[in-house]
There are 2 protein chains.
Amino acid sequence: MVTSAKDKSTEEKILAAARRVFVRDGMTGARMQDIADEAGINKALLHYHFRNKKKLFEVVFLEAAGRLFPKINEIFEADLGLFEKIERFCEEYVTLVMENPYLPLFVLNEINRDPHYFLGKVWKGKSTPRPEKLLAQIKAEQAAGRIRSVDPLQLLMHLLSMTIFPFVARPMLRKNLGLDEQTFRVVMEQRKKEIPEFIIHAIRI
Amino acid sequence: MVTSAKDKSTEEKILAAARRVFVRDGMTGARMQDIADEAGINKALLHYHFRNKKKLFEVVFLEAAGRLFPKINEIFEADLGLFEKIERFCEEYVTLVMENPYLPLFVLNEINRDPHYFLGKVWKGKSTPRPEKLLAQIKAEQAAGRIRSVDPLQLLMHLLSMTIFPFVARPMLRKNLGLDEQTFRVVMEQRKKEIPEFIIHAIRI
DNA sequence: GTCTATAATTTGATAGAC
DNA sequence: GTCTATCAAATTATAGAC
């Protein structure tokens, strides 16, 4: 399909609008009218470029998931020492998500809304996290006596939890811990160093 | 308003149905028809007992939030040592949420959907978490030289993250870590002890 | 209190002119 | 490709009989 410069511009405007609205309101809460308004066009044109709501959502969701998941693999399967992986993961993942703070909750929520759809159409040979290498690496470090014996799966869950949860719970944390937007960003910036340090202290011999 | 025995029974059936549907599909995804079906009645009767969708949702949401938040305060403000608090929080909170695994994602998502509504109507003098006492307690332990110096706020975020996140990310973790329902429950059961142990190792001198 | 039937509204989607 | 106008379907909400 040939795509003129103007086409691309409009489709890009639509996608930018759809990202904002879908990520904010979710698949079920989003309205095609809102997306059209946000893009500065009308609904008919939306349906011309993307046949229906489901298809448009799919593009946005796959793109969102594609931003969050590959990075995990990339680091966990890299050729690095365990501590380096932990440090790099926190540093790079917090940086990544800070640019799109609402992405994790959006993705987790949509996965939860329709796990089957998620498993099927979405997860086909894509970069679904493969934690085996990291888990094996943790086991090896323990066998070599370089770190304390902790269930590798539990350690991985600790790492993911501490890194991602604050973004998922952001509105609640901001209210309950009394953090304004600026302070929240500072706290998350500190976590880049704080989390690895915390983990290292926890598993040192 | 006088409420007969039969009234209560029907309202309770409706609420039970509304809990399931709202928690599963969210405010925007839930359909009144589904709730009526689930309750074994028709839509008209739904509107008779709860004027509209918003009102019914509000009851369900407030109840859900009321299950998750008071427990936090109850433990954080108790008259216990720091380690005891951490241990009790993990133990009791995991137990609590295991009975309603979808509650945290539901509540966090709805808070995110409409933070203003959440702050306003919902959070009026309710048991919103008051972390000051716990934060002060952490500071005191550090000043006394009994634990390593870690930003209390960061430590609190570690604790909340490790305890709650696995439930929020459950469908994703189950897929990406290859855990079936039974295994997930076992892993969470282990976390009751694993998380406090991990934290204690991390902040010991 | 509970039902059937229907109104009222919202919203996704299409037809057809330009 | 883009718009206006409109349809069709889904969904919330109400009227009125029992």
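Everything numeric in this text was worked out from a predicted model, so none of it was measured. Just so we're on the same page: letters track the sequence lines, and every chain starts at 1.
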Rounded distance in Å - [atom1] ([X]) to [atom2] ([N]):
| X | N | atom1 | atom2 | value |
| --- | --- | --- | --- | --- |
| A:Asp37 | C:dT10 | CG | P | 15 Å |
| A:Leu46 | D:dG1 | CG | C1' | 13 Å |
| A:Lys55 | C:dT14 | NZ | P | 10 Å |
| A:Phe57 | C:dT11 | CZ | C1' | 18 Å |

Return the set of residues passing side-chain hydrogen bond (donor to acceptor under 3.5 Å, both in side chains) with [X] (not counting sequence neighbours), or none when no residue passes.
| X | answer |
| --- | --- |
| B:Glu141 | B:Arg146 |
| B:Glu84 | none |
| B:Arg170 | B:Tyr102, B:Glu181 |
| A:Glu77 | none |

D:dG1, OP1 or OP2 - any side-chain N/O from A:Thr10 closer than 4.0 Å? no
So if I define the base as every atom that isn't primed, P, OP1 or OP2, how would nucleotides 4-18 of chain D read as a B/S/- string at a heavy-atom cutoff under 4.0 Å? B------SBBBB---
Per the ring-ring contact (aromatic ring centres under 6.0 Å, His included) rule, what does the pair list look like for residues 172-199 of chain A, sequence neighbours excluded? A:Phe198-B:His158
State plainly whether the residues A:Arg113 and A:Glu110 are in salt-bridge range, i.e. N to O under 4.0 Å. yes
